[in-house]
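Structure record follows, encoded as structure tokens.
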Amino acid sequence: KVYYNEKLKENNDKKWLYYENDIFTVFPLLTKEDFHNEGTRQNNCVERMYMERVYNGTTHIVVVRRKTNPDKNYITCEVSNKGKIYQYLARCNYSVQEQDAKDFKRIYQNYLNSVSKD
């Protein structure tokens with residue numbers, strides 16, 4: 001378990017994945033517990049389907065939280081190694097409905113396009 005968490009962190013803890021603005025903050029999931037909690041609270045398959053992919057270094061998983069309630073799960077997001085947002089989903093894999101969160105996806109993608117992925 002310790003080694004697994006170290007490999008998850010090594011592959012997902014990339015400085016270019018972190019971002020925030022006045023409304024939202026984005027950060028990667030770094031441990032098996034993080035993936036489990038996100039999957040359980042969001043009722044999605046991030047633990048079952050994506051934790052292994054992050055472990056293998058083929059994708060990244062980040063979460064988007066409202067700064068007014070940072071402990072409340074909100075959006076689970078898959079980002080490719082090249083910085084392309086593949087998935088950006090609310091609880092139960094529903095599409096994001098709030099306009100400010102839809103706008104933030106574009107803002108975050110623009111940020112990812114502008115930074116080095118080293």
Please examine the side chains of [Y] and [X], heavy atoms only from C-beta on, and report whether any two atoms are closer than 4.5 Å.
X: K67; Y: I23; answer: no
X: V26; Y: V63; answer: no
X: L17; Y: K14; answer: yes
X: L112; Y: I85; answer: yes

Side-chain (N12) to main-chain (V54) donor-acceptor, under 3.5 angstrom: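 No; zero donor-acceptor contacts below 3.5 Å.
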
With sequence neighbours excluded, residues passing side-chain hydrogen bond (donor to acceptor under 3.5 Å, both in side chains) with [X]:
X: S80; result: none
X: N21; result: none
X: K9; result: none
X: T25; result: none

Starting at [atom1] of [X], measure out to [atom2] of [Y] and round the result to the nearest 0.5 Å.
X: Q109; Y: C77; atom1: CD; atom2: SG; value: 8.5 Å
X: D13; Y: L29; atom1: CG; atom2: CG; value: 11.0 Å
X: Q42; Y: T76; atom1: CD; atom2: OG1; value: 4.0 Å
X: R53; Y: N11; atom1: CZ; atom2: CG; value: 14.5 Å

Modelled atom types, side-chain donor and acceptor of T31 and N5, under 3.5 Å: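 On atom types as modelled, these side chains do not qualify, holding no pair under 3.5 Å.
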
Sequence neighbours excluded, which residues qualify as salt bridge (charged side-chain N to carboxylate O under 4.0 Å, His left out) partners of [X]?
X: D100; value: R66
X: K84; value: none
X: E38; value: R65

Candidates Y50, W16, Y18 - the one meeting ring-ring contact (aromatic ring centres under 6.0 Å, His included) with H60: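 Of all the options given, the one that passes is W16.
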
Identified ring-ring contact (aromatic ring centres under 6.0 Å, His included) partner of Y111 from the options F104, F24, Y19: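 Per the ring-ring contact (aromatic ring centres under 6.0 Å, His included) rule, the option paired with Y111 is Y19, out of F104, F24, Y19.
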
Y108 and its side-chain contact (heavy atoms from CB on, under 4.5 Å) partner, picked from I75, D103, V79: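 Among the candidates, only V79 passes.
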
Matching residue for E47 among E52, H36, E33 - test: side-chain contact (heavy atoms from CB on, under 4.5 Å):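 Of the listed residues E52, H36, E33, the side-chain contact (heavy atoms from CB on, under 4.5 Å) partner of E47 is H36.
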
May I ask whether [X] and [Y] are part of the same hydrophobic cluster, defined by side-chain heavy atoms of I, L, V, M, F, W, Y residues being less than 4.5 angstrom apart, directly or through others?
X: V62; Y: L30; value: no
X: I107; Y: L89; value: no
X: L8; Y: V46; value: yes

Residues forming a side chain to side chain contact (heavy atoms under 4.5 Å, CB included) with N69, sequence neighbours excluded: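 For N69, the residues satisfying side chain to side chain contact (heavy atoms under 4.5 Å, CB included) (neighbours in sequence not counted) are K72.
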
For N110, all residues meeting side chain to side chain contact (heavy atoms under 4.5 Å, CB included), sequence neighbours excluded: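 Listed in chain order: R106, N113.
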
K32 NZ/CZ over Y4 ring centroid, <6.0 Å and within 45° of normal: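 Flagged: K32 positioned over aromatic ring of Y4.
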
Set of ring pair (Phe, Tyr, Trp, His ring centres under 6.0 Å) partners for F27, sequence neighbours left out: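 Ring pair (Phe, Tyr, Trp, His ring centres under 6.0 Å) check on F27 returns nothing, list empty.
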
Whichever hydrophobic residues join Y86 through chains of side-chain contacts under 4.5 Å: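 Other cluster members: none.
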
What pairs of donor and acceptor atoms, side-chain ones from residues 91-98 against any protein atom, are under 3.5 angstrom apart with sequence neighbours left out?
unit_1, atom_1, unit_2, atom_2, d
R91, NE, R41, O, 3.0
Q97, NE2, S95, O, 3.1
E98, OE1, Y74, OH, 2.8

